[in-house]
Amino acid sequence: MTDRLTQARLRKLDRLRKEGLDPYPARSSRSHTSSAAIEAFEAAAKDEQVRVVVAGRLRSIREMGKTVFAHIEDTDGRLQLYLRQDQLGPDQLDLFLEAFDLGDFIQAEGELFRTRTGEVTVRVASFLMLSKAIYPLPAAKEELVDDEIVVHSAFDNPEARYRQRYADLAVNPEVREVFRTRARIIDALRQYLNNLGFLEVETPVLQFIYGGAAAEPFVTHHKQLHRDLYLRISFELYLKRLLVGGLERVYEIGKDFRNEGVDRTHQPEFTQLEFYMAYADYQVVMDVTEDMITYVAEQVLGGTQFEYQGRTIDVTPPWGRIELRAAIAEQTGIDYAEHNTENALRTAISKAGIEAPEVASRGKLIEHLLDHHVVPELIQPTFLYNYPRDISPLAKADVNNPESVERFEGFVAGMEICNAFTELNDPVEQEQRFLEMGRTHGEDDADRHPLDEDYLRAMRYGMPPNGGFGMGVDRLTMLLTDRSSIREVILFPHLRTKEN
RNA sequence: GCGCCGUUAGCUCAAUUGGCAGAGCAGGGGCCUUUUAAGCCCAAGGUUCAGGGUUCGAGUCCCUGACGGCGCACCA
């Protein structure tokens, strides 16, 4: 694109070169970041001169005749520059005014002083272009009103922001903050699990047999082997093989890929945390979950209460714990334990005037009731526990109720954030469960599970009893950054390609 | 996949019933040596998402498509 704005900047680029200046020098000699410079000035004695070399992106220029005020922005804030003709000479000031634009990266050297309005400012003795921008950043201006930053002409079109996240980050500081928070969340999760003696591991992304979740995989192809491969849909089956190998506490934080619909809480590529804990059951994992989320909230937000979409959420333990059966009965009046077959349950649902999918097992019907009539009501952190066996093929059955498994899910703000269970470690029963899955799913059913023989072989060597846990890190980040869309917490969310 | 809404200058947005496409900021020219959305003056800036159609005349109405937002559906 060479519109008039770009052409103007290209002319300025030429001008710099004609002056013998490199518009893209390889190095800077920065001595202070913006906040380090301000701190150094505040700490200095009254008569002491503080000389700094600062570097950053030009974010504002206010020309006032023979002086110029400007702000640069760097990693930790903004710093004002003050350029005077009597200090720099007319040629240098002209060069600045004629060849430097908003968005350029520059370096400036000079002594710090405080302006009449109290702002710590660099009295610029010399300056240097570090990187000339030839496209203008999306215009956005900030005004300070009563210490609140009011943004004018904000770059806030979601499509443009996601497609050009670099520009979004460059002009929207709150977006940078979301991703700093995201990094701190992941860091806190690691700290928490490491402190409990968990070992962080990495397992294959490319798999010949996918499993561990009910999801449609992405298919790719290995050229040399002439075979299709799948991108993983979960880490579960590999992490549990590690328990067989004697690693008692393992976790992985990484990407899962699911070839499914995209919406406010789903992206085809998302970040998952899974951990497996030998000699723990789902009750222990519930305790760990509460404790872990509390730790993360305290580390990241400094407390356990936060605002999410206008509501105050408090993750202080203990979280609500309700049996799934009771929660569904409470919201729908249907006690699924009284309806032991698909047909009986379907009749009860229809009597209650509730719509249900036409093709669904009893477990799927229960899940439908859960998703549509219970989950939206679960605003404060809540665990629902004891799930139907037929939708939980990797979870251990309740010895007192073979149709139920020791499984729970955690919900916050009407959103599922985690899923966990006492893991099934009986190889004979696991094989049986896999075969049941094969029976209840047709050849072309996306949920049909390929039978992972090697996983069964691993389990036959002996797997310790254990509790497993999976959580969407993106959704946790949504909660802790008060974002309503998963796209706001993923740097480069998936969008359709568009010609332009 | 379905429904509703949207797409106008670099950015944020206007445009009456179908009647000459505008503003602020950014950019260009000028004035201004402690300003901070600096201010003032001047000039410029458009494939109105794309393609068809209706009409004397379409940003506006109709059709098709692209992309996006929201909702629904899908999501062991």
Side-chain angles (χ1 to χ4, degrees), chain A residues 1 3-9 11-12 59-71 78 80-88 93 98 101-103 113-119 121 123 135-145 149-163 167 171 211-216 233-234 236 258-266 268 355 357 360-361 363-364 366-368 371-372 387-395 405 407 416 419 421 433-434 436-437 440-441 445-449 484-485 487 493 495-500:
Chain A
M1 183 172 73
D3 63 14
R4 67 210 160 79
L5 298 176
T6 305
Q7 280 165 2
R9 284 169 178 247
R11 281 196 300 276
K12 295 174 183 186
R59 290 310 309 278
S60 68
I61 299 173
R62 291 180 299 284
E63 183 191 346
M64 295 195 49
K66 299 188 170 50
T67 66
V68 177
F69 284 93
H71 275 97
R78 287 188 179 200
Q80 184 164 252
L81 308 180
Y82 180 47
L83 297 88
R84 293 172 62 100
Q85 191 191 71
D86 58 11
Q87 202 151 14
L88 292 162
L93 194 70
E98 288 164 22
D101 285 300
L102 298 182
F113 74 107
R114 196 182 290 278
T115 63
R116 198 177 285 167
T117 52
E119 183 164 349
T121 299
R123 191 186 308 274
Y135 278 4
L137 285 172
K141 293 187 80 163
E142 287 116 53
E143 177 186 18
L144 210 60
V145 179
I149 294 173
V150 179
V151 181
H152 304 268
S153 298
F155 180 53
D156 66 0
N157 177 277
E159 180 179 0
R161 286 180 47 235
Y162 302 147
R163 287 191 195 280
V171 303
E216 177 80 14
I233 57 171
S234 87
E236 172 146 4
R258 297 188 181 176
N259 206 341
E260 288 166 358
V262 173
D263 68 19
R264 216 165 52 76
T265 56
H266 294 82
E355 285 194 32
S361 66
K364 285 266 198 182
I366 292 169
E367 199 166 48
H368 178 85
D371 289 343
H372 291 85
Y387 276 61
R389 179 180 184 273
D390 72 302
I391 54 168
S392 314
L394 299 162
V405 295
R407 172 181 172 190
E416 178 195 333
N419 179 22
F421 28 93
R433 298 273 202 102
F434 278 161
E436 282 172 26
M437 294 305 291
T440 55
H441 291 79
D445 189 327
D447 293 346
R448 193 173 65 95
H449 239 246
S484 65
S485 167
R487 286 179 297 265
L495 298 175
R496 290 170 201 271
T497 55
K498 188 175 163 185
E499 290 177 24
N500 54 353

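Note that the structure is predicted; figures quoted are calculated from it, not measured. In what follows, chains carry the letters A, B, and so on, assigned in the order in which the sequence lines appear, proteins first and then strands, with residues in each chain numbered from 1.
When heavy atoms are screened at a 4.0 angstrom cut-off, A/Asp156 is found touching the sugar-phosphate backbone but no base atom. If you check every strand for non-hydrogen atoms under 4.0 Å, A/Ser392 touches nothing. Counting any heavy atom pair closer than 4.0 Å across all strands shown, A/Asn157 reaches sugar-phosphate atoms only and no base atom. Counting non-hydrogen atoms under 4.0 angstrom, A/Leu137 reaches nothing in the nucleic acid. Across all strands, A/Phe113 comes closer than 4.0 Å to base atoms (heavy-atom distances). Using a 4.0 Å heavy-atom criterion, one finds that A/Arg487 contacts the sugar-phosphate atoms exclusively. The residue A/Arg258 sits apart from the nucleic acid: no heavy atom pair falls under 4.0 Å. A/His372 comes within contact range of the sugar-phosphate backbone alone, with a heavy-atom separation under 4.0 Å but no base atom that close.
Neither OP1 nor OP2 of B/U35 sits under 4.0 Å from any side-chain N or O of A/Arg62. At B/U35, none of the side-chain N or O atoms of A/His71 fall inside 4.0 Å of OP1 or OP2 (strictly under the cut-off). Listed pair A/Arg496 / B/A66 fails the phosphate criterion, with no side-chain N or O lying under 4.0 Å from OP1 or OP2. OP1 or OP2 of B/U34 has not a single side-chain nitrogen or oxygen of A/Arg114 nearer than 4.0 Å. In terms of phosphate contacts, A/Lys12 brings a side-chain nitrogen or oxygen within less than 4.0 Å of OP1 or OP2 of B/G28.
With P as the reference atom, B/C70 and B/G65 are 23 Å apart, rounded to whole Å. The separation of B/A15 from B/G27, taken at their C1' atoms, amounts to 24 Å, rounded to a whole angstrom. Between B/G52 and B/C42, the two C1' atoms lie 43 Å apart (nearest whole Å). Between the P atoms of B/U33 and B/C25, the separation comes to 22 Å (whole Å). Nucleotides B/U7 and B/A50, compared at atom P, are 13 Å apart to the nearest Å. Going from the C1' atom of B/C11 to that of B/G45 covers 14 Å, rounded to whole Å.
Legend: residues meeting side chain to side chain contact (heavy atoms under 4.5 Å, CB included) with A/Arg264, ordered by chain and number and at least two apart, are A/Ser484, A/Ser485. For A/His372, the ring-ring contact (aromatic ring centres under 6.0 Å, His included) partners at least two apart in sequence or on another chain are A/His368. Applying the side chain to side chain contact (heavy atoms under 4.5 Å, CB included) test to A/Glu236 and every residue at least two apart in sequence or in another chain returns A/Ser234, A/Lys240, A/Glu274, A/Tyr276, A/Leu394, A/Phe421, A/Glu423. Scored by the side chain to side chain donor-acceptor pair (under 3.5 Å) test, A/Thr265 finds A/Asp263 as partners (sequence neighbours excluded). Listed by chain and number, the residues in a ring-ring contact (aromatic ring centres under 6.0 Å, His included) with A/Phe69 are A/Tyr82 (sequence neighbours excluded).
Checking B/A37 for Watson-Crick or G-U wobble geometry (two distances, each under 3.5 Å) identifies no partner in any strand. Here B/G51 sits opposite B/C63 as a Watson-Crick or G-U wobble pair (both hydrogen-bonding atom distances under 3.5 Å). With both pairing distances under 3.5 Å, B/G22 is matched to B/C13 as a Watson-Crick or G-U wobble pair.
For A/Leu5, taking side-chain heavy atoms from C-beta onward, the closest of the listed nucleotides B/G69, B/U34, B/G10 is B/G10. For A/Tyr162, the side-chain atoms get nearest to B/G69 when compared with the rest of B/U33, B/G69, B/U35.
Listed here is the closest heavy atom pair of A/Ser361 and A/Asp390: OG-OD2, 3.0 Å. Scanning all heavy atoms of the two residues, the minimum distance from A/Pro268 to A/Val262 falls at CD-CG2, 3.7 Å.
Between the base of B/U35 and the side chain of A/Gln80 there is a donor-acceptor pair shorter than 3.5 Å. Under 3.5 Å, the side chain of A/Glu216 and the base of B/C74 form no donor-acceptor pair of N or O atoms. Under 3.5 Å, the side chain of A/Thr115 and the base of B/U35 form at least one donor-acceptor pair of N or O atoms.
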Using a cut-off of under 3.5 Å, enumerate the N/O to N/O pairs linking the protein to nucleotides 45-48 of chain B.
| residue | atom | partner | partner atom | Å |
| --- | --- | --- | --- | --- |
| B/G45 | O2' | A/Arg4 | NE | 2.6 |
| B/G45 | O2' | A/Arg4 | NH2 | 2.8 |

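Both tests pass for A/Arg407 against the ring of A/Tyr387: distance under 6.0 Å to the centre and angle within 45° of the axis.
When each of A/Asp86 and A/Ser60 is assigned the nucleotide of RNA chain B bearing its nearest heavy atom, the one mapping closer to the 5' terminus is A/Asp86.
With rounding to the nearest 0.5 Å, the separation of CD in A/Gln80 from OG1 in A/Thr121 is 4.0 Å.
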